[in-house]
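Throughout, a chain's letter reflects where its sequence line sits, starting with A, and its residues are numbered from 1.
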Amino acid sequence: MKALLAACCLILLTAFSINADVAKPPKPADKPGKVVMRTSLEIAPDAKAYEARLQISESNLKSLQASLAGTVQGNTTIPASIAQSPTRTIIAGLLMFLSISVAGVLLARRVQKAVVAVIVLVAVLGAAAIITRGNAAPPGGYRWRNLPQALADGKSTFGNVDIEIVPDDALQGKSMRLIIPLQKQNRPGE
Amino acid sequence: MQSAVELRNWSTVGRLAMPNAKVFVTSIVLCVVTAAIFASWLPLQVSIVTLFLFAGPHNWFELRYFLMRLPVRFGRSRNFFLTAFAGLGVLTLAYVLLPLLYNASLWTDEAWSIVIASCNTMLLFWLGLLVWLRSKQKRHASWTWTIPLGLVLASLNWLGPDLFSLAIVYVHPLIALWFLDRHLRRMRPAWLSAYRRCLCLLPLVLAGMIWQLSQTSALPEDNGLFWRITQHSGAQLLPQVSSHLLVAVHLFLEMLHYGVWIVALPLIGPTARFWNVKTVPVARHPKGFPRLVAGMLIAALAGVAVLWLGFSVDYSTTRDIYFTVAIAHVLAEAPFLLRML
C-alpha cells in the first residue's frame, strides 16, 4: 500500500515538474486598433495661429461619442457589424442573388418580351459599368497626394479620415497621431 | 365547404348589433388618436399598465378566435395544418431556448448573431412552406411572387439578425389589423372601405409621433423594469433614435393590437357570446371536441389569472417570461391568417 501511495506521489510530482517545463504561452499579439467612424478632415495652414488647433463639429462629436459608446459596450454600428461578418455577408449575398434571379425568371414569364429585353439591357449596362469600374471612386489617399505642396503653398487640403481607437501604449506616450497616406516621391535627378 | 358553413353560422350567431359604419369609423379614429396621445405622453407608465391589463386577455381571445377558425376535420388541409402545428412547436421551442442559451454565454457575439439569423431563416422557410401549401388550395391565385420576397427578407435577416427580430416586434401588432380587414370583408363588407380609409390615418399618426418625439431626450433607465421596456423597443439596437420615440411607437402599435383582439373582433364577429363554448364550431359539431375546447379555454383563462398574479408579485420577471413565451401566439397568427386569404 505504502509503495502504491509513494508511486502515486511520484507520478504527481513528475506531472508538476513536467508542467513546469511547459513553455510560456506566447505573448498575445498587440491588439489592433478599431475603426469606429469615417469622416472628413481638412488640414489648413494658418500663418496667424500660435498653436495647432483641432476643430470638431458638434454633430461629428456626437457621432463619435455614440460610436465610442458602442465600442465600449461591445456593439458596433450596423454597417460595421455587416462588414465584420464574412459568413453572414456571404449568405445574405447568396440569398439576394437567388431572390433577384427568381424574380427575374418570374418577370420574364409574365411580362412581354420587349419589356424583358429592356430590363436585361439595363442590367447588362449596369453590370458592365460596375465591372469596368467606370464609376469607381479614386483610392482613399488620392486627395492627400498634394498635401506637402499645399502646405508649402499655404493652401488647405481636404480628404477622408478614419477615426481609429488604439491601445494607450500604441502611440508611445503621445495622445494622438495623424497618419497621412503619402508615398515617397523621388525628385528628378535622385 | 366547411368554412362556408362556418361563415353562415358566424353571420347569425351572437353578433352584437352595431349601429352603422359611421359609429365604427368614429370609434376607430378616437381609439387611434387616444392611443397615440397616451403612448407619447407617458410611454413607460402606460406600457406597464397596458401590458398588465390586456396581455393575457388578448391571448385568450386570440386562442378562442383560432379555435373558431379550426375545422372539425382537416380534410384537404391536412398537410397545411400538420406543417403549421409542427412548425409552431419547433419554432416556439427554438425561440424560447434562445434567451436561455444567451444567458449561458456559450457563443461569441458573431456566432450568436448566426444562431439568431438561423432561427429567423427557419421562420421564413416555415412561412414560405405554408404559403406554398395554401396556394395549392387556391386555384386562381398566384403567390409565386412570395418566393423572391421571402428570399429578400432572408437576405436582410442575415445582414442584420437583431434588426430583423426587432422588425418582427414592430410588425406583429399590425397583423391584427389584417385579421380585422379579412374579418370585415366576410362579416361586414359594407364597412370595409371605411375601415381601409381609416388605416390611412395610421401612417399619418405615426409620422406625427416621429415628428414630435424624435428630438426628445432618452427615457430614464434607472431601474430594471424601465430598462427592459426600452430594450424591448430596440433602444440598444438603435442608439441614434430617442428611446422615448421607440417605446411610444411600440406601445401605440401594441395598444391597437390589443384593441383589435379584445374589442373589435369580438364585437363584429361571432365571439360576442365568448363565454359560450357552443359558439365554437369545432365544439358544436356532432363529431367535434366540446370537452377539449372547453378545457383549453378554461386552462387559458387560468393562464390569464396566473399572469395577473405574476405581474402583481414580480412584474419584471413575469414580463420577461411573457414576452419569451408569447412568440407562440405571434407564430400562430400566420397559418390562420393564411387560411383567411
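Within a 6.0 Å radius of CH2 in B/Trp143, more than 12 heavy atoms belonging to other residues, nucleotides or ligands are found. Sparse packing is recorded around CH2 of B/Trp178, with 12 or fewer heavy atoms of other residues, nucleotides or ligands lying under 6.0 Å away. Atom CZ of B/Phe125 has 12 or fewer heavy atoms from other residues, nucleotides or ligands within 6.0 Å.
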Quiz item: What's the verdict on side-chain contact (heavy atoms from CB on, under 4.5 Å) for B/Ile114 and A/Arg88, showing C-alpha distance, side-chain angles and the deciding distance?
Solution: CA-CA 7 Å; B/Ile114 290 175; A/Arg88 287 196 286 118; 3.9 Å; yes
Practice problem: Report the C-alpha distance between A/Met96 and B/Leu151 in whole Å, list the side-chain angles of each, state the deciding distance to 0.1 Å, and finish with yes or no for side-chain contact (heavy atoms from CB on, under 4.5 Å). | Solution: CA-CA 7 Å; A/Met96 193 65 81; B/Leu151 288 167; over 6 Å; no
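Heavy atoms closer than 4.5 Å to chain B are found in the side chain of A/Leu106, but not in its backbone.
The greatest number of non-hydrogen atom pairs below 4.5 Å with chain A, out of B/Ser155, B/Pro161, B/Ser113, B/Ala154, is found for B/Ser155. Highest contact tally toward chain B, considering only A/Ala103, A/Ser101, A/Gly93, is held by A/Ala103 [criterion: heavy-atom pairs under 4.5 Å].
Checked against side-chain contact (heavy atoms from CB on, under 4.5 Å), B/Val205 has the following partners two or more places apart in sequence or in another chain: B/Val32, B/Ala36, B/Leu201, B/Met209, B/Phe252. B/Ala326 meets the side-chain contact (heavy atoms from CB on, under 4.5 Å) test with B/Tyr322, B/His329; sequence neighbours excluded.
Distance check, rounded to the nearest 0.5 Å: OG of B/Ser118 to CD1 of A/Ile91 gives 7.0 Å.
For the side chain to side chain contact (heavy atoms under 4.5 Å, CB included) criterion with B/Trp158, the lone passing option out of A/Thr89, A/Leu94, A/Leu95, A/Ile90 is A/Leu95.
Taking all atoms of both residues into account, the shortest heavy-atom contact from A/Ser99 to B/Pro148 is OG-O, 2.9 Å.
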